[in-house]
2 protein chains.
Amino acid sequence: MIWQYHIHKNIVKRSLEPIAYNQDTEALARFAKALGHPTRIAILKHLENQSCCFTGDLVEVFPLAQSTVSQHLKELKNVGLIQGELKPPKIKYCINKDNWNKAKALFQEFF
Amino acid sequence: MIWQYHIHKNIVKRSLEPIAYNQDTEALARFAKALGHPTRIAILKHLENQSCCFTGDLVEVFPLAQSTVSQHLKELKNVGLIQGELKPPKIKYCINKDNWNKAKALFQEFF
DNA sequence: ATCATTCATCGTAAATTTACGATAGGTAGT
DNA sequence: ACTACCTATCGTAAATTTACGATGAATGAT
């Protein structure tokens with residue numbers, strides 16, 4: 001049964017170079033990915049109601065560590081759906097209308 | 001410097017019980033997550049054009065292993081965005097209109 | 001019954017995500 | 001300068017995702 005050893009040695013060669021999809025497809029997937037966690041959806045819904053809020057507010061709303069909330073905010077910021085404004089000693093987060101509308105348009109076009 | 005040992009022994013207690021968000025938030029996040037990969041977006045766009053297609057067609061379109069394409073299809077099927085119909089020896093995949101419209105409505109309401 | 005075709009599933013490796021506590025940084029007030 | 005406050009970042013563990021090749025299951029044809 002020596003062959004078993006060889007069979008289980010299937011080293012996978014991963015295609016390093018990512019597939020180049022068209023711009024809209026990539027953008028839509030990026031937005032969708034950012035929306036792909038209930039906490040982030042909830043954060044955005046909260047921001048839509050309040051228009052703006054501070055990190056601390058969210059930490060009180062969600063039963064999550066402050067660092068975890070911060071991480072979710074970072075992701076939303078990275079795709080551009082929100083933006084932070086320094087209001088010392090706090091940071092005020094708002095929806096980034098431009099990119100919000102971009103995302104909206106992409107989803108509308110898609111569906 | 002014995003304390004270093006203890007400092008680095010920060011075992012994380014993960015909150016096992018997931019947060020209960022409201023139904024729509026969960027559903028929207030689930031759909032968004034499924035759309036959160038460019039390949040899956042591309043597959044759905046393809047299905048919108050063709051109305052339907054076979055797994056094999058997609059394997060030719062994308063530079064991905066057959067098993068990988070199949071896995072993406074499975075995820076789309078799991079959230080209900082597509083459905084498969086046996087057309088031996090192939091399987092014909094189409095968009096699931098009901099759930100597609102459900103997703104559409106959730107995104108529209110959200111934006 | 002056997003074979004070819006088509007696709008799903010298994011097993012696995014690497015990468016990424018998600019959560020936490022601990023720590024660092026930046027600003028306002030004392 | 002020191003302190004208090006708020007938030008970002010670091011380091012890490014566990015879970016999940018994404019990719020592959022190999023295998024298995026189901027059907028139609030020979």
Side-chain angles (χ1 to χ4, degrees), chain A residues 3-19 21 29-30 32-43 53-60 62-79 82-93, chain B residues 3-19 21 29-30 32-43 53-60 62-79 82-93:
Chain A
W3 51 269
Q4 281 201 350
Y5 173 74
H6 293 289
I7 279 180
H8 289 295
K9 264 212 135 177
N10 56 337
I11 284 91
V12 171
K13 190 181 56 186
R14 212 192 170 100
S15 57
L16 253 298
E17 189 171 344
I19 301 172
Y21 293 98
R30 252 171 67 83
K33 191 173 181 182
L35 300 177
H37 193 290
T39 296
R40 290 195 289 273
I41 294 283
I43 288 174
C53 79
F54 303 105
T55 306
D57 301 347
L58 298 171
V59 174
E60 282 170 29
F62 301 104
L64 289 170
Q66 178 263 320
S67 57
T68 303
V69 172
S70 201
Q71 214 169 282
H72 282 303
L73 288 169
K74 189 182 179 183
E75 267 183 80
L76 291 172
K77 208 171 51 183
N78 283 345
V79 294
I82 66 173
Q83 59 197 7
E85 188 188 342
L86 231 74
K87 284 278 189 201
K90 301 185 177 183
I91 296 178
K92 196 175 70 171
Y93 279 107
Chain B
W3 51 270
Q4 281 200 351
Y5 175 74
H6 293 288
I7 279 181
H8 291 293
K9 264 213 135 178
N10 55 336
I11 284 91
V12 171
K13 189 181 54 184
R14 212 191 169 101
S15 56
L16 254 297
E17 189 169 349
I19 301 171
Y21 293 99
R30 252 171 65 83
K33 193 174 180 181
L35 299 178
H37 193 288
T39 296
R40 291 195 288 273
I41 295 284
I43 288 173
C53 79
F54 302 106
T55 307
D57 303 344
L58 298 171
V59 174
E60 281 171 30
F62 302 104
L64 289 171
Q66 179 263 319
S67 58
T68 303
V69 171
S70 201
Q71 212 169 283
H72 282 304
L73 287 170
K74 189 182 180 186
E75 267 183 82
L76 291 173
K77 207 170 54 182
N78 282 347
V79 293
I82 65 173
Q83 59 196 5
E85 187 190 342
L86 232 74
K87 285 277 188 206
K90 302 186 178 184
I91 297 179
K92 197 176 69 173
Y93 280 106

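Throughout, protein chains are lettered first and strands after them, A, B, ... in sequence-line order, and every chain is numbered starting at 1.
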Nearest-angstrom distance from the residue atom CD of B:E85 to P of C:dA8: 14 Å
Whole-Å distance between D:dT16 P and B:H37 NE2? 18 Å
What's the CG-C1' distance between A:L64 and C:dG21, to the nearest Å? 14 Å
Polar atom pairs (N or O), protein with nucleotides 4-8 of chain D, under 3.5 Å:
residue, atom, partner, partner atom, Å
D:dT7, OP1, A:T55, N, 3.4
D:dT7, OP2, A:G56, N, 2.9
D:dA8, OP1, A:Y93, OH, 2.1
D:dA8, OP2, A:S70, OG, 2.4
D:dA8, O5', A:S70, OG, 3.4
D:dA8, N7, A:Q66, NE2, 2.9
D:dA8, N6, A:Q66, OE1, 3.1

Report the residues that fulfil side-chain contact (heavy atoms from CB on, under 4.5 Å) with A:Q83, sequence neighbours left out, ordered by chain and then residue number. A:N96
Round to the nearest Å and state the distance from B:L58 atom CG to C:dA8 atom C1'. 14 Å
Gap between atom CD of B:Q66 and atom CD of B:E60 - 0.5 Å precision: 12.0 Å
For D:dT17 and B:H72 - does any side-chain N or O of the residue sit under 4.0 Å from the phosphate oxygens OP1/OP2? no
With respect to the phosphate group of D:dT27, does any side-chain polar atom (N or O) of B:K87 fall under 4.0 Å of OP1 or OP2? no
Measuring only between side-chain heavy atoms, which start at C-beta, is A:V59 closer than 4.5 Å to A:L64? no
To the nearest angstrom, how far is B:K33 atom NZ from C:dT16 atom C1'? 11 Å
For B:L58, check side-chain contact (heavy atoms from CB on, under 4.5 Å) against everything at least two apart and list the hits. B:I43, B:H46, B:C53, B:F62, B:V69, B:L73
Residues at least two apart in sequence or cross-chain that pass side-chain contact (heavy atoms from CB on, under 4.5 Å) with B:K92, listed by chain then number, are B:C52, B:F54, B:E85, B:K87, B:C94
Residues passing the side-chain contact (heavy atoms from CB on, under 4.5 Å) test with B:R40, sequence neighbours excluded, are B:H37, B:H72, B:E75, B:L76
D:dT18 P sits how many Å from B:F62 CZ, rounded? 14 Å
